[in-house]
*Asks:* 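Sharing a structure with you now.
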Amino acid sequence: MGEFEKDQFASDEDAGQQPAGAPARDGVAAGEVPTDGDVSAARSSAPGTAPEGLPAWRVRARRELDAEYILAEAVPGSLDAGRVMDLHRTMRFRASLRAHQLRQLSTFFREDPEVQGVLDDADITALKVAAGLRCTYLQAHAMVRDAHLAVAWMPVTFTYLRRGELPEDWHHYLIRHTRRLTEDQARDVDAHMAAVQIPSVSQDTFEKQVRLGVALATAGTLPALPSQSRNVEIVGVDTETGTASLMVTGPIPEIQALAHRLDIAARTVQKAQRHALEAGAEGPLPFDIDRDLADRGTALSLRTLRYAILTHSVLDIDPVEETVRPYKILVTVPALTLMGHSDAPALLDGMTPLPAELARELAAGEPTWQRILTDPITGAYLPVTAETYTPTAQMRLQLRLRHPVCAVPGCTRATVIAAEDDHIIEYDHEHPDQGGQTSLWNLHRLCWLHHKQKTAGMIDPIRDPADDPAGGDGTTTAGPLETTWDIGRDIRLRTVEDTDLLTPRLARILDRDWRTYQRAHEDALRLHAEEKARPRQERAAEDRRAAWAKHRGRRIIPPGLTYDETEPPF
């Protein structure tokens, strides 16, 4: 492990202690879970006192946590007693492992030559860490910041974690409640927790002290304004039903005002629909989103109208000028599905499955379709040539299909809107014939942050010129393009462009899921029809019987007398 071998799970001052997972010494095998005597060797010899070098405990447990206390309810020497102690040693071992990983991440971040411990530049370290932990860039970024918080800003609680005396889940709780604090505030919380007998207190006491420490550290600071929480995001994507939810978060008065305006508008439209239906008006009716109001003969419900108004109204952005390139959704529909010969689902932006019926309905409502050809074996999108610097609209569509998320390895930022088309080999504006050409082989999509870092030379993508359809050897044009990334000075990663997942394999899997949904949907329709065919009086009588049965089964126990009391309390 290079520079990390020296630390392992303990610092130099604990050299006399055999850390879990360290090389074997003093008769303890490498990888063996340490015994209680091994882990607690660094404690002060006097029982019930804080370890040497740490502040004295002001918040104490009723009894020190030792083997006798842990096994208070177990028969000494029994199988259960052994298992309980094994679990306790495993808990301490996992805590030491977490401390070891945090120390590795903190050291990596602090000694990274491209970062040098500056939190604002932690993105580069995160890209390197993501390669080692096989996680996303955003997850690695959060780990690096948490490691710096735990090791550099909260050293006392980190010492308890390294010794195995602070459970891993407890430390997660501590970090989760302090990661938004400033350095001074985090150090104040660490000082507060140093006065707590962490090795022996209960989880409830620990969490209470964490909340108290955070409250004391942030006392006098202004709370975050509700206006800073304004956000709109898509949640609850259900690919089986083809639905999703839009969550709007903001100050309570603004949300209430939005809901009130939406409700007033829905009631106004509902009233207009009723008048139009009663008068037998011809032509399109207001907000008839399914074009079936005339057949239904009734106005839409308020809940449906709120949705229709929210999703089908023209947003007024005057006097702001509309963007030059309006937002478009990309739905890739297999040709057989479009022709009605297959019910294989479509893909929204290359990632989210859509039912075939919905895909055909969307295609039927569009005046123009864009044909996208893919390789039947690999699913790679076949290239579209271009000679100009600015990518054509067709090229942008293909780039979005190839890169639904940022092309940088580990980054998961979507490229639907906030992304930029980038030349891998820089375009030479003065000598176009000498620089990188505007072709799909030489283009990819990056989020704004990584585009900025690529321009600054902090990350460098490279593609094999032999794969260029215009000037290569023509041996690999059918497969997805591969890119080599130099992250900083010493890390090199490889990525492959996204392919059409529907063509080679995923269509069969999605088709199977779609058939499962269809069966469930048909069963639901059948049960609904059977229920609807029953006489109304029979259904009402069954509901009343169920309500009475539920009421009779409810047991109400008045306050006061308990089972242990023999006399009333009065």
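Only heavy atoms go into these numbers, but all of them, side chains included; no hydrogens, no water, no symmetry mates. For reference, positions follow the sequence shown, starting with 1.
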*Asks:* Indicate yes or no: at least one non-hydrogen side-chain atom of Met154 is less than 4.5 angstrom from one of Met193.
*Replies:* no
*Asks:* Return the minimal non-hydrogen interatomic distance between Arg92 and Gly164, and the atom names on each side.
*Replies:* CG-O, 3.3 Å
*Asks:* Can you tell me if Asp190 and Thr157 form a side-chain donor-acceptor pair at under 3.5 Å?
*Replies:* yes
*Asks:* Does Lys454 come within less than 4.0 Å of Glu420, counting only side-chain N to carboxylate O?
*Replies:* no
*Asks:* Would you find a donor on one side and an acceptor on the other, under 3.5 Å apart, between the side chain of Ser96 and the backbone of Arg162?
*Replies:* yes
*Asks:* With a 4.5 Å limit on heavy-atom distance, are the side chains of His172 and Arg98 in contact?
*Replies:* yes
*Asks:* Is there a side-chain contact between Ile175 and Leu149 (heavy atoms, below 4.5 Å)?
*Replies:* yes
*Asks:* Please round to the nearest 0.5 Å and tell me the distance separating atom CG of Leu449 and atom SG of Cys406.
*Replies:* 8.5 Å
*Asks:* Mind checking the CD-OG1 spacing from Gln185 to Thr178? Nearest 0.5 Å is all I need.
*Replies:* 10.5 Å
*Asks:* Under a 4.5 Å cut-off applied to non-hydrogen side-chain atoms, are Ile491 and Leu127 in contact?
*Replies:* no
*Asks:* Are more than 12 heavy atoms from other residues, nucleotides or ligands located less than 6.0 Å from atom CZ of Arg180?
*Replies:* no
*Asks:* Closest heavy-atom contact between Ala186 and Leu181?
*Replies:* N-CB, 4.2 Å
*Asks:* Over all heavy atoms of both residues, which pair between Ile487 and Ile459 is shortest? Give the atoms and the distance, please.
*Replies:* CD1-CG2, 3.6 Å
*Asks:* Less than 4.0 angstrom from a charged side-chain N to a carboxylate O is my criterion; do Arg89 and Asp86 meet it?
*Replies:* yes
*Asks:* Run the numbers on His148 and Val144 for side-chain contact (heavy atoms from CB on, under 4.5 Å), then give the verdict.
*Replies:* CA-CA 6 Å; His148 184 70; Val144 170; 5.7 Å; no
*Asks:* Under the side-chain contact (heavy atoms from CB on, under 4.5 Å) rule, what do Arg211 and Tyr173 come out as? Steps first, then yes or no, please.
*Replies:* CA-CA 10 Å; Arg211 294 193 294 269; Tyr173 183 89; 2.9 Å; yes
*Asks:* Is the shortest heavy-atom distance from the side chain of His192 to the side chain of Leu212 under 4.5 Å?
*Replies:* yes
*Asks:* For His403, is there any backbone N or O sitting under 3.5 Å from a side-chain donor or acceptor partner on Arg445?
*Replies:* no
*Asks:* Can you tell me how far apart OG1 (Thr412) and CG (Leu138) are? Round to the nearest 0.5 Å.
*Replies:* 4.0 Å
*Asks:* With the side chain counted from C-beta on, respond yes when Leu246 and Ile234 share a heavy-atom pair under 4.5 Å apart, and no when they do not.
*Replies:* yes
*Asks:* Apply side-chain contact (heavy atoms from CB on, under 4.5 Å) to the pair Arg103 and Phe158, showing each step before the final yes or no.
*Replies:* CA-CA 9 Å; Arg103 176 68 65 84; Phe158 178 76; 3.2 Å; yes
*Asks:* Begin with the C-alpha distance, continue with both residues' side-chain angles, and end with the deciding distance and a verdict on side-chain contact (heavy atoms from CB on, under 4.5 Å) for Gln209 and Val201.
*Replies:* CA-CA 10 Å; Gln209 291 298 325; Val201 296; over 6 Å; no
*Asks:* To the nearest 0.5 Å, what is the distance between OG1 (Thr182) and CZ (Arg187)?
*Replies:* 10.5 Å
*Asks:* Taking all non-hydrogen atoms of both residues, which atom of Ala147 and which atom of Leu105 are closest, and how far apart?
*Replies:* CB-CB, 3.6 Å
*Asks:* Which distance, rounded to the nearest 0.5 Å, do you find between the NE2 of His423 and the OG1 of Thr455?
*Replies:* 12.0 Å
*Asks:* Kindly write out the residues that satisfy side-chain hydrogen bond (donor to acceptor under 3.5 Å, both in side chains) with Arg94, not counting sequence neighbours, or none if the list is empty.
*Replies:* Glu168
*Asks:* Determine whether a donor-acceptor pair (N or O, by modelled atom type, separation under 3.5 Å) exists between the side chain of Thr218 and the backbone of Val214.
*Replies:* yes
*Asks:* Under 4.5 Å between any side-chain heavy atoms of Arg463 and Thr484, yes or no?
*Replies:* no
*Asks:* Can you give me every donor-acceptor pair (side chain of residues 129-137, partner residue at least two apart or in another chain, under 3.5 Å) with its distance?
*Replies:*
from, atom 1, to, atom 2, distance (Å)
Thr136, OG1, Gln139, N, 3.2
Thr136, OG1, Gln139, OE1, 3.3
Tyr137, OH, Asp123, OD2, 2.5

*Asks:* With the side chain counted from C-beta on, respond yes when Leu174 and Trp170 share a heavy-atom pair under 4.5 Å apart, and no when they do not.
*Replies:* no
*Asks:* So His444 and Trp485, would you call those rings parallel, tilted or perpendicular, with 30° and 60° as cut-offs?
*Replies:* parallel
*Asks:* Measure the OH-CZ distance between Tyr160 and Arg163 for me, rounded to the nearest 0.5 Å.
*Replies:* 7.5 Å
*Asks:* Taking all heavy atoms of Asp146 and all of Arg179, pick out the closest pair and write down the distance.
*Replies:* OD2-NH2, 2.7 Å
*Asks:* Show the nearest heavy-atom pair for residues Thr249 and Ile255, with the distance to one decimal.
*Replies:* C-CD1, 4.2 Å
*Asks:* Using only atom types and a distance under 3.5 Å, with no angle test, would you say the side chain of Thr415 pairs donor to acceptor with the backbone of Pro404?
*Replies:* yes
